[in-house]
Amino acid sequence: MALTLEDIKSLATSNARGGMLASVFAAQAILESGVLSGGSVLSNKYNNYFGIKAGSSWKGKTVSLPTKEVVNGQVVSVNANFRVYETPADSFADRAKLLLSLSRYKEAYTKTTPKEQAEALQKAGYATATSYASSIMSLVNRYNLQELDKKKMI
């Protein structure tokens, strides 16, 4: 079952913590999974809504799939091992846990606006796409996701 925009908003809001803005969290899920335009194989079949790769510390199931990366300014196709989750909720919870555990993202979660946080995540190496922060902000604005941050603060 594919997630709806409301599902994404709810999961992002309930899993955002440690300075994470629910607006950015939701926009990342929309962007990374393509869920609002049919979804990726990774999200639809393997419940991975953030393209989280399976590093050596991951002890769960994995799947190898082709992906695009930007290397030296060029888009290249590579195969990568990705984490597999039982449910979409597991993907959101693991993404929050993973990013809060990595020191390179610590500064990003001190930022208090979606734009600042998206730019800090990009600067910290969250994604290889040079337009990542602007893509996140486009989704935040298109779906009025900044409203999620206001709800979270209440």
Side-chain angles (χ1 to χ4, degrees), residues 2-44 46-55 57-58 65 67-78 80 82-83 85 87-154:
L3 294 182
T4 65
L5 180 58
E6 292 308 311
D7 294 332
I8 289 170
K9 288 178 177 180
S10 177
L11 286 166
T13 302
S14 63
N15 284 283
R17 61 185 196 275
M20 292 177 174
L21 295 175
S23 60
V24 174
F25 203 159
Q28 287 180 296
I30 294 166
L31 180 65
E32 302 278 339
S33 69
V35 70
L36 299 184
S37 58
S40 66
V41 170
L42 191 58
S43 62
N44 288 339
Y46 301 105
N47 293 311
N48 186 331
Y49 285 81
F50 300 94
I52 298 176
K53 294 182 178 131
S57 64
W58 177 249
L65 293 171
T67 187
K68 298 206 182 317
E69 300 285 344
V70 177
V71 179
N72 297 325
Q74 300 292 318
V75 177
V76 296
S77 292
V78 298
F82 292 92
R83 296 178 181 199
Y85 299 101
T87 68
D90 292 341
S91 176
F92 281 73
D94 187 55
R95 182 255 185 209
K97 179 181 171 187
L98 176 65
L99 268 61
L100 289 173
S101 74
L102 297 172
S103 61
R104 70 180 181 172
Y105 299 119
K106 188 174 184 174
E107 183 181 337
Y109 296 122
T110 66
K111 306 300 182 188
T112 57
T113 70
K115 184 176 189 300
E116 291 172 334
Q117 194 161 102
E119 289 171 350
L121 286 168
Q122 180 176 329
K123 183 179 177 185
Y126 183 84
T128 60
T130 56
S131 62
Y132 189 76
S134 61
S135 296
I136 293 299
M137 285 312 302
S138 176
L139 292 166
V140 167
N141 293 327
R142 181 180 313 152
Y143 297 110
N144 198 28
L145 298 175
Q146 62 275 16
E147 290 299 312
L148 301 176
D149 302 330
K150 294 175 185 170
K151 288 180 188 175
K152 187 77 175 179
M153 292 177 194
I154 295 173

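A salt bridge (Lys or Arg N to Asp or Glu O under 4.0 Å) check over residues 112-136, counting only residues at least two apart or in different chains, returns the pairs K115-E119.
Not counting sequence neighbours, the partners of Y85 by the ring pair (Phe, Tyr, Trp, His ring centres under 6.0 Å) test are W58. The side chain to side chain donor-acceptor pair (under 3.5 Å) test applied to N144 returns Q146, not counting sequence neighbours. Residues passing the side-chain contact (heavy atoms from CB on, under 4.5 Å) test with S101 are L98, sequence neighbours excluded. Shown here are the salt bridge (charged side-chain N to carboxylate O under 4.0 Å, His left out) partners of K53, two or more places apart in sequence or in another chain: E69. Residues passing the side-chain contact (heavy atoms from CB on, under 4.5 Å) test with L100 are R17, M20, Y109, sequence neighbours excluded.
Across A120 and K111, no two heavy atoms sit closer than the pair CB-CG, 4.0 Å.
D94 places no side-chain N or O within 3.5 Å of a backbone atom of D90 that could act as its donor or acceptor partner.
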- Derivation of the side chain to side chain contact (heavy atoms under 4.5 Å, CB included) call for L139 and L36: CA-CA 11 Å; L139 292 166; L36 299 184; over 6 Å; no
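Ring to ring, Y132 and Y126 are close: their centroids are under 6.0 angstrom apart.
Between F50 and F92, the two ring planes are perpendicular [angle over 60°; tilted spans 30° to 60°].
Residue I8 is tested with L148, L145, T13, I30 for a side chain to side chain contact (heavy atoms under 4.5 Å, CB included); the sole match is I30.
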